[in-house]
Amino acid sequence: MMSRSYTNLLDLASGNFPAMGSGSGREFKERRRMPRVMSVPGIVSELDDDQAVSVSSDNPSTISTDRIIIVANQLPLKAKRRDDNKGWSFSWNEDSLLLQLKDGFPEEMEVLYVGSLRIDVDPAEQDDVSQYLLDKFKCVPTFLPPETLSKFYDGFCKRQLWPLFHYKLPFSTDKSHRFDRTLWEAYVLANKLFFQKVVEIINPEDDYIWVHDYHLMVLPTFLRRRFNRVKMGFFLHSPFPSSEIYRTLPVREEIMKALLNSDIIGFHTFDYARHFLSCCSRMLGLEYQSKRGYLGLEYYGRTISIKIMPVGIQLGRIESVMRMADEECKVRELKQQFEGKTILLGIDDMDIFKGINLKILAMEQMLKQHPKWQGRAVLVQIVNPARGRGIHVDEIHTEIEESCRRINRVYGRPGYEPIVFIDRSVPITEKVAFYSLAECVIVTAVRDGMNLTPYEYIVCRQGISGSESSSNVNNPKKSMLVISEFIGCSPSLSGAIRINPWNVESTAEAMNEAISMGDDEKQLRHEKHYRYVSTHDVAYWSRSFLQDMERACTDLLRKRCWGIGLSFGFRVVALDPNFKKLSIDAMVSAYKRSKSRAILLDYDGTVMPQNSINKSPSNEVISILETLSLDPKNTVFIVSGRGRDSLSEWFTPCKKLGIAAEHGYFLRWSKDGEWEICGNCSDFGWMQIAEPVMNLYTEATDGSSIERKESALVWQYRDADLGFGSSQAKEMLDHLESVLANEPVSAKSGQFIVEVKPQ
C-alpha cells in the first residue's frame with residue numbers, strides 16, 4: 001500500500017491524483033533489512049575546518065563514511081531464468097557503468113545499488129529475489145507495476161524527456177508525442193517507489209546517495225523532504241537542452257526545483273551545465289558564481305555545486321574483452337572477410353538521434369566524389385537494438401535499410417558491398433574485433449550526451465598493454481576519428497575531425513581525409529587521444545565526483561536547516577548556526593514594554609508587493625500606518641528609493657508618518673514638516689553627462705527605462721531579457737565610471753538596476 005504522504009508530495013503532479021496500488025496485490029513479507037537511523041532537523045556540532053579537497057582525482061577521498069548508495073533506473077545485473085524454470089540466475093553486468101564506477105571509490109567503502117531489473121519477476125517471487133540480491137550483490141530491486149513501468153519508461157522518459165533533451169519538440173500532430181499528464185504522474189510515482197527502496201536501507205546521517213540520469217530527476221525532492229541533511233549528488237548522462245527548448249516542458253519548474261534539492265549536480269560538458277544554469281536564471285532568478293574554480297548556485301542558503309566532468313571507460317574491461325576476442329579468433333576471421341579493404345566503422349543504438357542514415361548518405365557521397373575508394377572502402381554499420389519504444393524508431397530503421405540496399409546496388413560488385421549493415425545483437429568480442437581492424441570510426445549523432453564509442457575504439461587500436469604486438473616499435477599504433485560536434489565526447493578529442501552531421505558533403509570529405517591521411521599524422525593523433533582516455537577513465541570520473549560531493553555537503557552540516565514548501569515547491573532553508581527564529585510573542589511583549597519605538601519600513605517589496613503594477617498603497621496599508629504613527633511612543637518612517645513627490649502624495653492621510661525619500665537624500669518627519677536635504681551635493685551638472693549614456697543603453701535594450709529623480713538617475717531593466725540586460729548593465733557601469741571619474745558621484749548596480757547618485 002502507498003504511504004499517506006504520497007498525496008502530500010504529488011498534489012502538484014496531478015490536480016486530482018487517482019489512487020494507485022503497488023500492483024503486487026498483497027503486503028510485502030517482513031524480511032531482514034540493514035540497520036536504519038532516522039534524522040530530524042537541528043544543529044550539527046561544528047566540524048573541523050579542514051582544507052577542502054582539491055578537484056584533482058589523484059588525491060584520495062577523505063570521506064569518513066563507509067557507504068554510498070547508487071540509485072539508477074536499472075541495476076548493474078544480468079538475469080536469466082534457470083533451466084528448470086524455478087527461480088532466476090543473476091550475475092554482474094561487467095559492461096555497466098554503475099558497476100565500473102566502483103573503481104574510483106576507496107576499497108573499504110561499501111556500495112549499495114537501488115534500481116529496477118530488466119526482467120519481469122512474478123509478485124510471488126519478488127520477496128525471495130529481493131533478499132537474495134541484497135545478500136549476494138548488495139542490490140535492492142525496485143519492482144514497478146507493469147502499467148506504471150510502461151507509462152514511466154516508454155511513456156514519459158522515452159517519449160517526453162528523451163526527445164526534448166535531444167532538442168526535438170513535439171510538433172507532430174500525433175497526440176502520442178504531446179505532453180500527457182498521466183505519463184508525468186507515472187513518472188512521479190515511479191520515483192516515489194525508488195525513494196521507498198532507498199528509505200529501507202539508508203543511514204541518513206552517514207550515507208552518501210548518488211542518483212543517476214533523467215529517469216530519476218524528481219527523486220531528490222522525495223529524499224530531501226524525508227531527510228533534510230541527506231548527502232546527495234545527481235549526475236545527468238544525457239544532454240541538457242538550451243533554455244528555449246527546456247522551457248517548453250509543462251513541468252519544467254517541478255523538475256528544476258527537484259534537481260536543486262541535490263547538493264551537487266553533474267554534467268558531461270560545460271554546454272550542458274551552461275544550459276542548466278541559464279534555465280535557473282531565466283525561470284528561478286538564480287545566478288551562479290565561480291569560487292576558486294568551482295561553480296555554485298545559492299538556493300535558500302544552500303550552495304549547490306555544479307560539476308563538469310565527462311565520464312570515461314574502464315580500460316581493464318576493454319583489454320579483457322580483447323583477450324577473449326583473440327582466443328575466439330574473431331580478429332583473424334574478420335581480417336580474412338575484409339582482406340584488402342579499408343574499414344570505416346560505425347556502432348550506434350537504433351535511435352533517431354544517432355544520425356545513422358546521415359552517415360550512410362555521406363558514405364555514398366564519398367564513393368561518388370572519390371571513385372578510387374569504390375571496391376576498396378567498406379562502411380561497417382553495427383546497430384544495437386533499441387533500448388525502448390522510442391519515437392519514429394521503426395520509420396528510421398526502414399529508411400536506413402532502403403538506403404543500404406540502394407547504395408549497394410549502385411556501387412556494389414561481386415564480392416564487394418560498400419555498406420555492411422549488421423542489424424542484430426553483436427557480442428562485445430565481435431565489436432572489439434571490428435574496432436581493432438577499423439581504419440576510422442565515424443560518429444554522426446545529431447545529439448548525444450556522451451558517446452563512448454570513440455574511447456573504446458582508441459583503446460582497442462592501442463592493443464593489449466604488455467603484449468608483444470602492443471610493444472612492437474615496428475607496429476606503430478594509429479587511429480582516426482570523424483565525430484559529430486554535437487556529442488559530449490567531442491571537446492575532449494581535439495585530434496578528431498569534427499563535423500556537422502547534417503552537412504553530408506562535408507562529412508564525406510572528412511571521411512576521405514581520415515582514411516587518406518599519412519600514418520605519421522594518424523599516429524600522433526592516436527597518441528594524443530590515448531593519453532587522455534587512459535588518464536581520464538571511469539575511476540578518475542567517479543573519484544572526482546565523490547570528492548566534490550563531499551566538499552559540497554560539508555557546508556550544509558554546519559547550518560541550521562528547515563524544510564518548507566509543499567509538493568515540488570519543497571526546499572530546505574539553510575541558515576547560520578547562530579540564527580534564531582524571530583518569536584512573535586517575544587516581539588509583542590517587548591513592543592508593549594517599550595516607551596520609545598523606531599519603526600523603519602521599506603516600501604517596494606515590504607509595504608507593497610515587488611511585482612505589483614499599481615504602486616500606490618491600499619486603504620488598508622494607509623490605515624495601519626496611520627494607527628502606528630499616531631501612537632505617541634512610535635516614530636514611524638517609510639524608507640524608499642522613490643521620489644518625494646509621489647511618496648508625499650500617496651501618504652497624505654498619514655499626518656505623523658515620516659518619509660525618507662530617495663534613500664534618505666530627502667527627509668520629512670511629518671506631513672506638516674519641511675523637507676530636509678541630507679546630502680552635501682548641490683551641483684547636479686553630472687546628470688547632463690550621465691543621462692545621454694543611459695539613453696544609449698535604453699535605446700539598445702528593449703524593456704529597459706530610466707527613472708529620473710531629483711538626486712539620482714536609475715536605469716532599470718527588470719522587464720528586459722535577463723541575460724542581455726545583465727550584460728548591458730555591466731557594460732553601462734564601466735562606461736559611467738569612466739565618464740564620471742571626476743564627478744562627486746558613485747555609480748552602482750543593484751537588482752535589475754544601475755543607479756548614479758551623489759557620494
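Atoms considered below: every heavy atom in the structure, side chains included; atoms not considered: hydrogens, waters and symmetry mates. Just so it is clear, the structure is predicted and the values come from calculations on it, not from any experiment.
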[Y] and [X], any side-chain heavy atoms less than 4.5 Å apart:
X: Met109; Y: Leu546; answer: yes
X: Lys757; Y: Val714; answer: no
X: Tyr208; Y: Ile69; answer: no
X: Phe568; Y: Asn261; answer: no
X: Val199; Y: Phe227; answer: yes
X: Tyr288; Y: Arg274; answer: no

Does the plane of the ring in [X] sit parallel, tilted or perpendicular to the ring in [Y]? Use 30° and 60° as the thresholds.
X: Phe156; Y: Trp184; result: tilted
X: Phe267; Y: Phe276; result: tilted
X: Phe194; Y: Phe152; result: tilted
X: Phe579; Y: Trp562; result: perpendicular

>> As an exercise, state the distance from CZ of Phe165 to CE of Met217, rounded to the nearest 0.5 Å.
In response: 3.5 Å
>> Under the ring pair (Phe, Tyr, Trp, His ring centres under 6.0 Å) definition, can you give me all pairs with a residue in residues 623-647, not counting sequence neighbours?
In response: Phe637-Trp669
> Is there any ring pair (Phe, Tyr, Trp, His ring centres under 6.0 Å) pair reaching into residues 606-625, and which pairs are they, with sequence neighbours excluded?
Replying inline: none
Mind checking what makes ring pair (Phe, Tyr, Trp, His ring centres under 6.0 Å) contact with [X], not counting sequence neighbours?
X: His275; answer: none
X: Trp675; answer: none
X: Phe666; answer: none
X: Phe651; answer: Tyr603

Between the main-chain N or O of [Y] and the side-chain N or O of [X], is there a donor-acceptor pair closer than 3.5 Å?
X: Arg302; Y: Cys561; value: no
X: Ser262; Y: Leu259; value: yes
X: Arg560; Y: Pro577; value: yes
X: Arg224; Y: Pro220; value: no
X: Lys231; Y: Glu205; value: yes
X: Asp180; Y: Thr182; value: yes
X: Asn191; Y: Tyr187; value: yes

Of all residues at least two apart in sequence or in a different chain, which pass the side-chain hydrogen bond (donor to acceptor under 3.5 Å, both in side chains) check with [X]?
X: Ser646; result: none
X: Thr635; result: none
X: Ser616; result: Asn614
X: Ser727; result: none

>> Test: salt bridge (Lys or Arg N to Asp or Glu O under 4.0 Å). Region: residues 576-588. Which pairs qualify, not counting sequence neighbours?
In response: none
> Do you know which two heavy atoms are closest between Ser278 and Ser243, and how far apart they sit?
Replying inline: OG-OG, 3.5 Å
>> To check you understand the geometry: which heavy-atom pair defines the closest contact between Asp213 and Phe234, and what is its length?
In response: O-CZ, 3.2 Å
> Between Lys151 and Glu185, is the closest basic N to carboxylate O distance under 4.0 Å?
Replying inline: no
> Can we say Lys307 and Asp263 salt-bridge, meaning some charged N sits less than 4.0 Å from an Asp/Glu carboxylate O?
Replying inline: no
> Given the side-chain rings of Tyr717 and Trp715, with only the six-membered ring counted for Trp, is the space between their centroids under 6.0 Å?
Replying inline: yes
>> Which residue in the set Ile201, Val198, Ile70 passes side chain to side chain contact (heavy atoms under 4.5 Å, CB included) when paired with Leu112?
In response: Ile201
> Do we get Arg597 above Tyr591's six-membered ring, with its NZ or CZ under 6.0 Å from the centre and within 45° of the axis?
Replying inline: yes
> Please, which pairs that meet side chain to side chain donor-acceptor pair (under 3.5 Å) have at least one residue in residues 652-661, sequence neighbours excluded?
Replying inline: none
> Can Glu298 and Gln289 be counted as having a side-chain donor-acceptor contact under 3.5 angstrom?
Replying inline: no
>> Taking salt bridge (Lys or Arg N to Asp or Glu O under 4.0 Å) as the criterion, tell me which of Glu676, Glu662, Glu710 meets it with Arg644.
In response: Glu710
